[in-house]
Structure formats: structure tokens, C-alpha cells
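The structure under discussion appears below in the form of C-alpha cells.
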Amino acid sequence: MILEKKVHVCRKCQSEKIVKNGTNGSGSPQYHCKTCGAYGVLEPRQDYTEEEKEIMIKAYQERSSMRGIERTFGVCRQTLSAWLKKRQNSSHPLRAR
Ligand SMILES: [Zn+2]
């Protein structure tokens, strides 16, 4: 039997000494690490609808700031850049300016 016990750790230093630090704009719980002092999203949502992806990609293209998108939507930067790459390889490439 596999027990799925979730232990939240700091994404930067893997420390378990983290405390909840409210929620961000999209309602994702935030944590504050007592070991390295990092702030981050405790449980970023893993599944996004196509619509949500579209919104985030558009927001990124407008503001060109992954950090901002990360903070606003609680999406992981790696996730976002994976979408952008996928998009570039898709049948609708971004037009070069
Ligand atoms: Zn930490």
C-alpha cells in the first residue's frame, strides 16, 4: 500500500521548515521558507485549461515578464516556457517582427 502523504518542501532548498504565507492573486497558497527565506507558491496548479494557457501566454507576450506571470498566475516558469516552445513548434508560429 502506498501512502500518499504530501510533505511540502521549499522549492529552492528542499527544507520542510516552511510556513503558509497567505495566497496570491490567483488564490494559490503561498509559503515562506524559514531556512532560506524564499517565498513561493505552495501548490501550483498542474492542470490548466487551454483557455487559461491562452490567457497566460497572451499576458506574457504583452508584458514579456515571466516573473510577473509567475507571480500573477502562480504558474511555474518552466511550465510557461514549455507552452511557449510548444506554440512555436505548432502550426501557428508567432510572426516574426
Ligand atoms: Zn528554502
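Order of appearance sets the numbers: ligands from 1, and atoms from 1 within every ligand.
- Note: H32 and Y39 have parallel aromatic rings, judged against thresholds of 30 and 60 degrees for the angle between ring planes.
- Within the structure, every pair that satisfies the salt bridge (Lys or Arg N to Asp or Glu O under 4.0 Å) test and touches residues 64-74, not counting sequence neighbours, is listed here: E70-R77.
- Within a 6.0 Å radius of CD in E51, other residues, nucleotides and ligands contribute 12 heavy atoms or fewer.
- For K53, the salt bridge (Lys or Arg N to Asp or Glu O under 4.0 Å) partners are E50, not counting sequence neighbours.
- For the Zn ion (ligand 1), the count of nearby protein N/O/S atoms, taking only those under 2.8 Å, is 4.
- Put simply, the side chain of E52 gets close to the backbone of T49: a donor and an acceptor are under 3.5 Å apart.
- Partners of E16 according to the salt bridge (Lys or Arg N to Asp or Glu O under 4.0 Å) rule, which considers only residues two or more places apart in sequence or in another chain, do not exist here.
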